[in-house]
Amino acid sequence: MRLFGKVAFAAMGWSVILSSAALADKISIKDIIGRNVEINVPVEHVILGEGRQVYFTAILDRDNPFKRVVGWRDDLPKADPESYSAYLEKDPSIAKIPTFGGMKDGTFDVEQAVSLKPDVIIMNVDAKTATEEAGYIEKLGKVGIPIVYIDFREKPMENTEASIRIIGKLFGKEDKAEEFVKFRADNIAKVTDVLAKANAPKPLVFIERAGGYSDDCCMSFGNENFGKMVETAGGINMAKDIIPGTFGNVHPEQIIASNPDQIIITGGNWEGYVPGGNWVGVGYGADEKEARRKLDALTKRPAFTGVKAVKDGNVHAIWHQFYNNPYQFVAIQEIAKWLHPDLFPDLDPTATFKELHTRFLPLDYKSGYFVSLKDGQ
């Protein structure tokens, strides 16, 4: 029996059952796209529209990140197997949580969702179009299940703080949400305050999204997500004026012609998607030596022929999942160190990440999230 689900009292021959609705307050929450959603809070039963949303449930429900989760999308074991394994070791019961396919690929099972009786479904904003086209909001609304949109991917530098606050309200953890928002802002300021005073030249940076995941080259970011992180860290995103949205592609000849000063490639352990692929397997507890070897191999592709960043050894790899969670401030600090080592000799992104784990997360910190060819010189 859940402590805050249905509370039953039995004594002296009588019993009383209080529904969760009787213990909750009904409020209106404005989600990330401006919809006002009526909902009883704190929610007790949640479906996560993406498994990687555990990155924020772990912040707000540190003692038990899955206590409210009655269903979740099936992406975490493949997209971030190390983190999934670490959470599984902490709580083996998560293997039994019902899983769903995605809204965008049409494999979300609405009947299954209804059967789990969630108080809310938390959905990434990039699934909005598919959700609307399938009529899920109306279908679920008829049985009293609201959808709330958040965003850590499409415009994370704009929407992360608001998304954390939305989830804080849903979970009844507003104070913890504000504590994290301040921690995040303070750590970004450690970069932006220095850059504002220094007014240093900005290197040209090419960010390759998921380099080596396929033979195609090259996916990148427009003026958001990692593209915006580069700008925040004191660089110029090479693809800013090439890609109109958040995600897109850059032709190899454009990279050679632009001749970037720095190259950053996002990576992760994608053995579950592309077995034996050329991706750089950075992430939780990753083998940094092997990641550096695979990073070096990617510099041999035609798109990087004769490029200044390769000649100077200014080629780096960073955990891809920073693009889809509230921990982007760690990435911003690491990128700032790569782009402006003279300005940030005392900035320690690893210490920042360790503090994040110590203060907010149930897992112990493990290294492996960043590697650089400079490390081997």
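Keep in mind the model is a prediction, meaning the values are calculated, not measured. Numbering of residues begins at 1 and proceeds along the displayed sequence.
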Aromatic centroids of Phe360 and Phe180 separated by under 6.0 Å: yes
What about Tyr365 and Tyr284, are their ring centers closer than 6.0 Å? no
Is it true that Asn159 and Glu154 share a donor-acceptor pair across their side chains at a distance under 3.5 Å? no
Phe329 ring center near Phe183 ring center (under 6.0 Å): yes
State whether Lys228 and Glu224 are salt-bridged, where the test is any N-O pair (Lys NZ or Arg NE/NH1/NH2 against Asp/Glu carboxylate O) under 4.0 Å. no
Under a plain distance cut-off of 3.5 Å, with no hydrogens placed, do Glu288 and Ser367 share a side-chain donor-acceptor pair? yes
Distance alone, cut at 3.5 Å: any donor-acceptor contact between the side chains of Arg184 and Gln328? yes
Is a salt bridge present between Glu82 and Lys366, judged by a nitrogen-to-oxygen distance below 4.0 Å? no
Evaluate the ring planes of Trp319 and Tyr369, with Trp represented by its six-membered ring, and classify them as parallel (under 30°), tilted (30 to 60°) or perpendicular (over 60°). perpendicular
Donor-acceptor pair between Glu231 and Asn237 side chains, under 3.5 angstrom: no
Over 60° means perpendicular and under 30° means parallel, so tell me whether His316 and Trp338 are parallel, tilted or perpendicular. parallel
Going through the checks in order, is the side-chain contact (heavy atoms from CB on, under 4.5 Å) test met by Trp72 and Phe100? CA-CA 6 Å; Trp72 59 341; Phe100 290 84; 5.9 Å; no
Closest heavy-atom contact between Gly234 and Pro203? O-CD, 3.4 Å
What pair of heavy atoms forms the shortest contact from Glu161 to Val181, and how long is it? CD-CG1, 3.7 Å
Taking NZ, NE, NH1 and NH2 as the nitrogens, is one of them in Lys128 or Glu132 under 4.0 Å from a carboxylate oxygen of the other? yes
Could you measure the distance from the OH atom of Tyr323 to the CZ atom of Phe226? Nearest 0.5 Å is fine. 10.0 Å
